[in-house]
Amino acid sequence: VTETVVAAPLLVALVSAIATLLAGSNGRLQRVVSLLGSLAYAGAVAVLFSRVVLPLGSAPTTLVYQVSNWSAPFGITLVADGLSAFMLGLSALVSVPALAFAVLYVDSYGQRLSFHPLYHFMLVGVTGAFLTGDVFNLFVWFEVMLMSSYVLVLFYSGPEHTRAALNYVVLNLLGSAAMLLAIGGIYATTGTLNMADLARRLAEPAAYDVALAPVLGLSAVLFAVFALKAGIVPFQFWVPAAYRAAPTPVTAVLAGVVKKVGVYAVVRLYFTVFAAASLPELSLPGLAPVADGASFLAFFGPVMFVMAAASVLFGGFAAVGGTDLDEVLAYSSVGQIGFVVLPLAVAATVPEVRALGVAAALVYAFNHGLAKSLLFLASGTVEAAVGTTRLADLGGLAPRAPLLAGAFLAGALALVGIPPLSGFFGKLLVFDAAARAAALDATGAVAALGVVLAGAVLTVAYYTRAWNAVFWGEPSERVEAALPARWTRPRRTGAEGAVADGRGEAGVAVDPDPTGSGRTLRELTLAGELTVVVALAVAVVAFGVGFEGLLAAAEAAATAALDTESYVRAVAPAEVLGE
Amino acid sequence: MTAVATVTGAAVSTATGPSPAPSPLALPLPLAAAAESGATETGPNLALALVLGALFAVGTYLVLRRDVVRVVWGVSIISQSANVYLVTMGGITPAADAPVGNSVAGATDPLVQALVLTAIVIGFGTTALALVLTYRVYEEHGTIDTREIADFDPETGGGADGSGTGTGAQTDGGTGGERA
């Protein structure tokens, strides 16, 4: 049965992208169209989510849309199951506030030039990647997403930005070529590109005349590509520079959502598709022979573990040494993505905790997506209010901007893992997965526990350091100049409120608007930005308090990701090679 | 529905076609694959494998240069070699029958060509962007030498010899100038 609702988020994002392109001559209209489009996207995702996942606790359904009604292995298939719906939910939750922030934050010339169409095209790519059921189609959506993100990283076009973008573009173009190679090889070896068909053929290699050894090698190449997109060590080079070069709201989406596309691809392809294949008899140097009947995951588990552990430690240590708030946050992203991949590694290695491990990874990815976008947007607000994010130039912001400080604290504590914030449960589940694996005497599980612990300590260290440098202590010179008085609640610092309360002085130093009405306009802009940040902080707290719903959705997603059979049954690829 | 049925029928009728054909080229190592298949298949595979190897070698060599323009050429060549590889995977020998539509004996797999067409179009876009980016890098840094670009210090607003005026390329006189 073809369900049109599956394509809805994709179509909405595409229409928004084109509409913002057409509305380019009128800046205000374009902003309104862009915001409405983003809200409509969230609405479409909500409808799809309710169709697939709700009511929580029941078995998630899998909706399939066959493009142009070509049956599965011939046409392009869009599949919305629990996993896709979960990731789309994250994408909608991050992209709407980030866009609202961008409308206030990015200068109006830049917005009119290209920002809104690019932003929506990036969402199109992300949505397509989450929904597609075809490996080559996944490559195309990756390209759509990357093309937009190239230009968004290059957005300000200064010396730093061109350098970061050069790095980012060249690395990702090489990654795309590698992805194309791997996909071409997989097609030549298995004779199909449809994920469900692929899973079916890999499950019965003899019946379909599939050689598994080359598929293992090709899937390893593909894994490197996904690791590059997710910024896992040793493919993290582009992360800090690109995150610092892109406009802050874009960075929030890059770290919150685009990074997770790599994680999603790993879960979808390796846990749903390649898990169906059993390892061919291989004697790889340095690897113990694998037990009979083990799936590809037994090979990828240790690989994921080494990369995840390296990410956690490298990202943690680099973030501790960061000199700039954005730099700390960017390296923190590298470390936190390790926390997402680590439970996946445990899940891949130890079949007994597979569902728990995948659910832990998804919860952690969700929490990191929300909390890290909150932190990047908070950093953007600091930049807008004070004019710098260098740790040495900042200090004492907490008494001057208590709400901003509170929101930053909520995000930082969520990533550290303090109850009742959503991050606590994410970290708890990661620990739980590792501890259960250790209880089963799984190889490396104790090492995994050690890495998680070390990573948690590092997280505490670098967020404490960032908090102390930015918000604690005496106001620095820059802060004193920019915010001489206490900057109070956003709703009261409206145009009249700010002037009447005598707080209009706040934030005069930076970027005075030449039109003269700049002071109130700037006040309003800052207040709006702060409102977005606070709203995200409320969301972080709300998902922590109402964690049961999030956990149920993540468990539904993990169930969907691991249930290859019902995935294949839902897509129902036709038999190409009848016996 | 009838269209689908026809497609399926046609595909089923070619049951023996596509499956054995790709397996000789299944290994990602072109030379090994060609050597293996050389016994059973004819010459073009070995030739293509050699061409592919050479293309990847040239592409990799260029990507490792210090000159950004050459890096872009290298990336572009590597993307194109991936396309050549895809065509090779689909089989240029008329062994496989088309799995869609009327089965014509001796036709190659059209899907691979559709994939390559898509990849070429994407390649156009990315190459154009990379070239524009190269020009922009030259405008911002005054050089297209990757090492000098890497030396750029955002704190002081310039590299060892300043930025933005083209001094980098002139003082070094190296890879930046060679491009013309």
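Residue numbers begin at 1 in each chain, while the letters A, B, ... track the order of the sequences. Values below: every heavy atom of this structure, side chains too, minus hydrogens, waters and symmetry copies.
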**OP:** Mark yes or no: B:R136 above the aromatic ring of B:Y138, with NZ or CZ under 6.0 Å from the six-membered ring centre and no more than 45 degrees from the axis.
**Re:**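 No, B:R136 does not lie over the aromatic ring of B:Y138.
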
Original post:
What residue in B:V116, B:V63, B:T118, B:T127 has the most heavy-atom pairs under 4.5 Å with chain A?
Top reply: B:T118

Structural part of [X] lying under 4.5 Å from a heavy atom of chain A:
| X | answer |
| --- | --- |
| B:V68 | side chain |
| B:V71 | side chain |
| B:I122 | both |

Original post:
Parallel under 30°, tilted from 30 to 60°, perpendicular over 60°: which one fits the rings of A:W238 and A:Y168?
Top reply: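 The rings of A:W238 and A:Y168 sit tilted, inter-plane angle from 30° to 60°.
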
Original post:
Which atoms of A:L154 come close to chain B, meaning under 4.5 Å heavy atom to heavy atom: side chain ones, backbone ones, both, or neither?
Top reply: side chain

Original post:
Does any heavy atom of chain B fall under 4.5 Å from the side chain of A:I186, the backbone, both, or neither of them?
Top reply: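 It is neither, since no heavy atom gets under 4.5 Å.
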
Subject >> Residue, of A:A177, A:G158, A:A165, A:G75, that accumulates the most heavy atom pairs under 4.5 Å with chain B >> reply: A:G158

**OP:** Flag the one option from A:V151, A:N172, A:V215, A:L181 with the top tally of heavy-atom pairs under 4.5 Å to chain B.
**Re:** A:L181

Subject >> salt bridge (Lys or Arg N to Asp or Glu O under 4.0 Å) between B:R66 and B:D145, intermediate numbers included >> reply: CA-CA 5 Å; B:R66 281 171 64 181; B:D145 185 332; 2.7 Å; yes

**OP:** Begin from the C-alpha positions of B:D151 and B:R147 and carry the test salt bridge (Lys or Arg N to Asp or Glu O under 4.0 Å) through to its verdict.
**Re:** CA-CA 6 Å; B:D151 284 341; B:R147 200 163 300 175; over 6 Å; no

Original post:
Between A:F121 and A:V126, does a side chain to side chain contact (heavy atoms under 4.5 Å, CB included) hold up when you go through it step by step?
Top reply: CA-CA 9 Å; A:F121 272 121; A:V126 167; over 6 Å; no

Original post:
Under 4.5 Å between any side-chain heavy atoms of A:D197 and A:R201, yes or no?
Top reply: yes

